[in-house]
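In what follows, a single structure is set out as structure tokens and then discussed.
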Amino acid sequence: MTPLIALSDLKRGIGLVVSVAPGLTVCQSLVVLFQAVLPLAGLYLTKSIVDAVVAPETAVLPVGVLLTAAALVALATVCIRETGGVLQERQSHRLGDRVFNLLHRQAAGVNLACLEQPEYHDAFHQALSEGPYRPARILGGLFDVLRNGVLLAGMTGFLFLFQWEVAALLPAAVLFPAIVRWRYARRQFDLRKKTTGTERRAGYYHWLLTSPEAAREVRLLDLFSFLSGRFNRYRQTVCRQRMALAGRQAVATTLMRAVGIAITFGCFALMARNAMSGTASVGEFVMLMQAFHRGAGALDGIFSGAAELHENRLFLSALFRFLDLPGESPDAPGPTDVPDLSRSTIAFENVSFTYPGTRRPVLQKVSFTLCPGDIVAIVGPNGAGKSTLIKLLCRLYEPDAGRILVDGRNIRHFDLKTWRRQIGVVFQDYIHYHFTVADNIRVGDIRLDEKDPRIAEAARHTGANLVSNALPHGIHTLLGRTFEGGCDLSEGQWQKIALARALVKDAGLMVLDEPTSALDADTEHHIFTRFRELTAKRSTLLISHRFSTVRMADRILVLQNARILEAGNHNELIRMRGRYSEMYSKQAGMYI
């Protein structure tokens, strides 16, 4: 990493900290200055007290007055230190919240192509594990360097005034350990980066061992020993590498500290010789020893602070790398208003797509048209690209080639959020939100108030009201077992709520990916006998493996090997005696 990039990361980190709480930053700066000045006053008072005790006849002030002054300085030091701790805690909390908000916003808006890459998950892991507290350490490190710099200047001044040769030896006492720490800061970062993938693997096995989603299979298949063994193996791999590095650093630091200790006590011996020969007073001897000790501590603090800044800057760069990942495709310049999709013609025109990091195309030159108010169903084997069509239509991905048009206009020319508000979606792997029933439905259009009558209306259309009526608090019952008081549902009950979630949005286009896979036959029949009524004013794109659902569509597309193989309504496709007829016959035969 070049010095300019390193400086940029450091500047960006400081800017982030200051922007969160500028007032707190100013207050902390004042605290740091007081923390640096008060020890100088305390040190001089110590000299004066010792000299007043040894030779009271030459003392400028009585011992009692000097002791009182020293006590006040000590009390002020404690008050300033505690005040600084409170300010730092408050700023760290605010900063942590800001960083979490940045991480959440970036994770929610990052280009979905990034999610297909292991490098994204490594970057997210590093940013999440280090990002929330590293910026605060940056500012804390700068304050430490500032405080120790002022303190060092004062202590070095004392030494030069009374014994300049000791002052000249001061840097040598702490330089060598600082060099070791600086070198190992980079090695720590490189090791953490190297082991990120292994840590994520351990985290995955930890999730399997502890998550409710995996609990049933872990028990039924007796997987505890297997999963626990894998978890421990990955953890031990990381631990061995970190302990090896820590051991090497400890040995190097100990050797360099030994050199520093030899220089320090050599200086003490020089001070003691001067005091014994009468060229320095006892008070001066005590003051110089303390000045050297505190000066060495301050210089060590400066070197350590600089090394810590270097280390924190390295880890902070991981946070900024994550925050700088590309977001979703930006809107074209001057985005136009999205037309009413219930009255518009949607056309796929030679659309091709391959998922990032793979070579096999999922879609190749796919073309079809969805006319206003029509229901178009898409069928085909697993992996044929059916769900990918939906993702492209919702602009979760962008086509590699071809266009998706609305009344002749490319959907990339529309404002992304406005476009998505026109689409009601139920994905096959929809989320079970551990919210109330009302909120589970309301997230379909989060702009609605929780008491909006459209929520209850959507619930009635899909039978979700029958689910909520049987719950302790009706539509305000908390779902899931994650939080106290929550009630879990069957998969079919969850699916009714998910369907209501799509219907509650006043959307011109309805997109349903396996919308009834978990519903029983009676419920499915009830919903789809009313489906025409529910979607009369909307266009619908439907994916399903149930031909009892598919046959009601105005047009059916058979997708296979990344291309549209057949197209027509149910009767037309049956008469063609092609792939659709074959699939329909096989499924119908299961009920004979």
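From a predicted model like this one, the values you see are computed outputs, not experimental measurements. Index from 1, following the sequence.
Among the candidates Leu370, Leu393, Thr369, the single residue satisfying the side chain to side chain contact (heavy atoms under 4.5 Å, CB included) test with Phe348 is Leu393.
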What do the steps show when you test Tyr430 against Trp494 for side-chain contact (heavy atoms from CB on, under 4.5 Å), and what is the final call? CA-CA 9 Å; Tyr430 59 87; Trp494 277 111; 3.7 Å; yes
Please evaluate residues Ile543 and Leu512 with respect to the criterion side-chain contact (heavy atoms from CB on, under 4.5 Å), reporting the C-alpha separation (whole Å), side-chain torsions for both, the decisive distance (0.1 Å), and the verdict. CA-CA 6 Å; Ile543 294 176; Leu512 305 174; over 6 Å; no
CA sep, side-chain torsions, deciding dist, call: Asp415, Lys417, salt bridge (charged side-chain N to carboxylate O under 4.0 Å, His left out): CA-CA 6 Å; Asp415 175 75; Lys417 288 186 177 180; over 6 Å; no
The test is salt bridge (charged side-chain N to carboxylate O under 4.0 Å, His left out); show your working for Arg454 and Glu457 and say whether it passes. CA-CA 5 Å; Arg454 282 174 286 184; Glu457 182 182 357; over 6 Å; no
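More than 12 non-hydrogen atoms from other residues, nucleotides or ligands lie less than 6.0 angstrom from CZ of Arg420. Crowding of His432 atom NE2: a count of heavy atoms from other residues, nucleotides or ligands under 6.0 Å exceeding 12. More than 12 heavy atoms of other residues, nucleotides or ligands sit less than 6.0 Å from atom CG of Asp400. Annotation: Arg200, atom CZ; neighbour count of heavy atoms from other residues, nucleotides and ligands within 6.0 Å is above 12.
Using a 4.0 Å cut-off between charged side-chain N and carboxylate O, Asp190 and Lys193 make no salt bridge. We find that Asp97 and Arg94 are not joined by a salt bridge, their nearest charged nitrogen and carboxylate oxygen being 4.0 Å or further apart. Of the charged side-chain nitrogens involved, none lies within less than 4.0 Å of a carboxylate oxygen, so that Asp374 and Arg555 do not count as a salt-bridged pair.
For the 3.5 Å distance criterion, the side chains of Thr388 and Tyr397 fail to qualify, holding no donor opposite an acceptor. Side-chain atoms of Ser387 and Gln428 include no donor-acceptor pair closer than 3.5 Å.
Aromatic ring centroids of His570 and Tyr580 lie under 6.0 Å apart.
Checked against side-chain hydrogen bond (donor to acceptor under 3.5 Å, both in side chains), Glu349 has the following partners two or more places apart in sequence or in another chain: Arg403.
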